[in-house]
Novice: 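Can you read through this structure? Questions will come right after.
As a basis for the values below, the full set of heavy atoms in this structure was taken, side chains included, without hydrogen atoms, waters or symmetry mates. The structure presented is a predicted model; accordingly, all values stated were derived computationally and were not measured. Count residues from 1 along the sequence.
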Amino acid sequence: MDESVTVTAALVGTVVALPLLAFFSTMWLCPGMIIRAYNWFMRLKLGLVVRYSYSGSYRFCYFSRGTPGGATPSLLLLHGFSASKDMWLPFVKYVPVEQHILCVDMPGHEGTSRVGSDDYSIQSQVARIHQFVQSVGLDKRPFHLVGTSMGGNIAGVYAATYPSYLSGVTLMCPSGLVYPTESEFITRLREIEKNPEGSTIPLIPSSPQELEDMLRLCCHKPLKVPRQVLRGLLDNRIHHNHFYRELFMTLVEEKSRHSLQESLHLITSPLQVIWGKHDQVLDVSGASALQAAVPHSQLFLLDDCGHTIALERPRRAAQLIIDFLSAQEVHSKDTEKKVS
């Protein structure tokens, strides 16, 4: 073989091998970095732009796509406890690109300010979300609010507190209710209340095994997650565990525990409820209790789905919400015609 060909082949092999070596080294030594890189790539692929807005010195981090003023109201998504705006990426994939959409990191989470003296009760988080709404100009036109789990609790209380700002609201397996049937997780909470210092909270893992257990609790079908991916997910959240524990204990206090239940009678916006039939965190019986309290609501129960609807059934959830938005817009136009 010609010497120049040999050298060229060696160079090509080196060029190919180095990135692979770097990737596998990073995956082994810093798996959290790979998870962050994946989320960055997915945002880029979906056309999402990370932005910051301010209310005084308080900073909100969010991503958005599209512009307000389209055929349907803007869509604001609120994630659950210990998650971030990136939990909505599988869901956003199935939302039409022309739909204006915003996903915000909840108070104290990810890129949004964490203030040591802050009150993280549901009512205080509702006030913070309203600050965000005003800071990004969502208050100029009624928008549709979506919240899941803790975010669903906050979305419901927001709807009860600021009804004139909303065109509608979607609650996905929300916390903050009185559940006719209590899940094992809720039963576990009662034990934690009796001994808060010595208890392990299932939603705050400190090891790969505990994270695997948490995923098994939240998802109906077990996720086949490679060990290094589990390590990466854990690395990205474990240094927040002290905050998560403080937040969790605030959420189960009397002030916040049934905050949504106590606000249901004040919800006047069109209401959509989506719940996984196999939710092990917050029992699906909460859906019928919610619908009984708000008779005008629309209820959808999803087969083969647990607590993490945006991860387990993203296509179905997106379709339900877009259909709900479209129906509300048609109803609004019909009402305008009758008035005119």
Novice: In terms of relative ring orientation, are His278 and His220 parallel, tilted or perpendicular, with 30° and 60° separating the classes?
Specialist: parallel
Novice: Please check if the number of heavy atoms outside His296 that lie under 6.0 Å from its NE2 is greater than 12.
Specialist: yes
Novice: Please tell me whether Phe143 and His100 form a close aromatic pair, meaning their ring centres lie under 6.0 Å apart.
Specialist: no
Novice: Of Val146, Ile309, Ile321, Thr148, which is the lone residue that meets side chain to side chain contact (heavy atoms under 4.5 Å, CB included) with Phe91?
Specialist: Ile321
Novice: Which distance, rounded to the nearest 0.5 Å, do you find between the OH of Tyr162 and the CD1 of Ile129?
Specialist: 11.0 Å
Novice: Can you tell me how far apart CZ (Arg313) and CG (Asp304) are? Round to the nearest 0.5 Å.
Specialist: 6.5 Å
Novice: Mind checking the CG-NE2 spacing from Leu215 to His307? Nearest 0.5 Å is all I need.
Specialist: 12.5 Å
Novice: Run through Val133, Asn153, Val169 and flag the one making a side chain to side chain contact (heavy atoms under 4.5 Å, CB included) with Tyr158.
Specialist: Val133
Novice: Would you say Ser256's side chain and Val252's backbone share a donor-acceptor pair under 3.5 angstrom?
Specialist: no
Novice: Among Arg43, Arg36, Arg237, which residue meets the salt bridge (charged side-chain N to carboxylate O under 4.0 Å, His left out) test with Asp86?
Specialist: Arg43
Novice: Kindly compute the distance separating OG1 (Thr187) from CG (Asp283), expressed to the nearest 0.5 Å.
Specialist: 10.0 Å
Novice: Hydrophobic cluster membership, with links at side-chain heavy-atom distances under 4.5 Å among I/L/V/M/F/W/Y: are Ile154 and Tyr179 in one?
Specialist: yes
Novice: Which pair of heavy atoms, one from Leu282 and one from Trp275, lies closest together, and at what distance?
Specialist: O-NE1, 3.1 Å
Novice: Let me confirm one number: the CG-CZ distance from Asp105 to Arg114, rounded to the nearest 0.5 Å.
Specialist: 10.5 Å
Novice: With Phe132 as reference, evaluate Tyr58, Tyr165, Tyr52, Phe60 under the ring-ring contact (aromatic ring centres under 6.0 Å, His included) test and give the passing residue.
Specialist: Phe60
Novice: Can you check whether Leu320's main-chain N or O pairs, donor with acceptor, with Gln272's side chain at less than 3.5 Å?
Specialist: yes
Novice: For residues Leu46 and Leu89, report the shortest heavy-atom separation together with the two atoms involved.
Specialist: CD1-O, 3.6 Å
Novice: Kindly compute the distance separating SG (Cys173) from CG (Leu302), expressed to the nearest 0.5 Å.
Specialist: 9.0 Å
Novice: Tell me whether Val294 is reachable from Leu266 by hopping between hydrophobic residues (I, L, V, M, F, W, Y) whose side-chain heavy atoms are closer than 4.5 Å.
Specialist: no
